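A short write-up of the structure that comes next.
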Amino acid sequence: MEETYIDLTVRLSLALVLGGAIGIEREYRAKEAGFRTHFLVALGSALFCIVSQFGFGIDLKDSSRVAAQVVSGIGFLGAGTIIFQKNVVRGLTTAAGLWVTAAIGLACGTGMYVAACIATMMVLLGLEVLHALIPQFGSTMVELSFTAPSKESVREFVAQIRHDGIDMQSYELRDRRTSQGEYLEVSMQLKVKRGTDRNMSLIDYMGDFSDIAISAAEG
């Protein structure tokens with residue numbers, strides 16, 4: 001009996017450590033789901049797996065059914081991290097991370113320690129190491145908001161970014177009136193190259209336009 005308790009403790013502890021390792025990486029990247037979410041997913045998956053094996057006695061014919069429900073049930077957490085905003089989908093990597101963390105927890109719960117460790121190393125390699133070592137190709141969307149004193153200032157800015165090869169997907173203008181006068185609020189979606197600090201690059205870029213004040217840059 002004591003050996004059984006030790007084995008269960010090892011399974012749950014390893015699930016916590018491996019899930020937490022992925023969560024720390026996500027926390028470092030300031031993603032929606034961080035350390036606590038990932039270690040809870042891994043720990044919960046491992047516990048469900050252990051319960052399916054030992055919690056119902058020896059008469060249980062198919063202990064894999066609980067594991068199968070974990071695989072499908074983790075979807076509601078993943079769906080909660082996916083955001084569709086202005087034709088841009090965000091959070092898919094975080095949702096996939098939760099999904100694979102659940103799988104790692106199941107592996108720990110069944111005693112497949114080597115597979116769980118290898119999978120964790122692969123996840124961290126793909127999320128962090130390759131991110132730093134391999135140049136990022138392709139493009140990504142950036143949400144840019146700023147204020148301008150007139151439509152002419154906005155036209156000049158749009159003409160300049162098009163001249164510089166920045167692809168503008170959409171934009172929205174809103175008139176604002178205050179006691180100090182009238183101005184325009186502008187929201188744009190820009191497609192820019194990956195691989196650099198996109199927000200800081202845009203902020204530096206817009207420093208050349210003295211009459212435009214940036215409000216936010218998200219991407």
Side-chain angles (χ1 to χ4, degrees), residues 7-56 60-143 191 194-195 198 218-219:
D7 180 50
L8 297 182
T9 302
V10 170
R11 294 186 187 194
L12 294 174
S13 299
L14 186 60
L16 186 153
V17 170
L18 297 181
I22 298 174
I24 289 174
E25 190 280 336
R26 296 284 82 192
E27 195 89 39
Y28 174 73
R29 292 289 177 188
K31 299 302 180 180
E32 294 82 0
F35 171 75
R36 291 177 294 180
T37 303
H38 282 79
F39 95 74
L40 287 173
V41 166
L43 184 61
S45 300
L47 183 57
F48 273 124
C49 197
I50 290 172
V51 169
S52 71
Q53 294 177 73
F54 306 109
F56 302 102
L60 186 64
K61 302 299 182 182
D62 186 7
S63 61
S64 65
R65 285 182 293 178
V66 173
Q69 293 303 312
V70 171
V71 174
S72 58
I74 196 64
F76 88 95
L77 278 179
T81 64
I82 298 174
I83 302 172
F84 183 77
Q85 183 181 29
K86 295 182 180 180
N87 298 321
V88 179
V89 178
R90 306 179 188 276
L92 285 176
T93 301
T94 300
L98 290 173
W99 183 64
V100 75
T101 300
I104 291 170
L106 289 175
C108 292
T110 57
M112 300 177 65
Y113 306 131
V114 175
C117 291
I118 292 174
T120 302
M121 288 188 292
M122 287 182 172
V123 170
L124 294 176
L125 181 70
L127 289 176
E128 190 63 29
V129 179
L130 295 182
H131 178 86
L133 295 181
I134 297 180
Q136 302 209 10
F137 300 99
S139 59
T140 187
M141 299 295 296
V142 171
E143 300 273 349
K191 183 181 289 187
R194 296 180 184 269
R198 301 179 296 274
E218 301 178 2

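Remember, predicted model here, so these are calculated numbers, not experimental data. All residue numbers in this chain count up from 1 along the given sequence.
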Is atom CZ of Phe39 surrounded by more than 12 heavy atoms (other residues, nucleotides or ligands) closer than 6.0 Å?
yes

Got a second to check how far [X]'s [atom1] is from [Y]'s [atom2], nearest 0.5 Å?
X      : Y      : atom1 : atom2 : value
Leu124 : Arg26  : CG    : CZ    : 10.0 Å
Thr101 : Ile22  : OG1   : CD1   : 4.0 Å
Glu25  : Thr120 : CD    : OG1   : 12.5 Å
Trp99  : Thr94  : CH2   : OG1   : 15.0 Å
Leu106 : Ser45  : CG    : OG    : 5.0 Å
His38  : Ile24  : NE2   : CD1   : 11.5 Å

Kindly indicate whether the side chain of Leu12, heavy atoms from C-beta on, has any atom under 4.5 Å from the side chain of Leu16.
no

Are side-chain heavy atoms of Ile118 and Val114 found at a separation under 4.5 Å?
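A side-chain contact exists here, since the closest heavy-atom pair is under 4.5 Å.
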
Looking at Gly109, is its backbone amide N or carbonyl O close enough to the side chain of Arg11 to form a donor-acceptor pair, meaning the two atoms are under 3.5 Å apart?
yes

Which atom pair, heavy atoms only, marks the closest approach of Gly105 to Ala15?
CA-CB, 4.3 Å

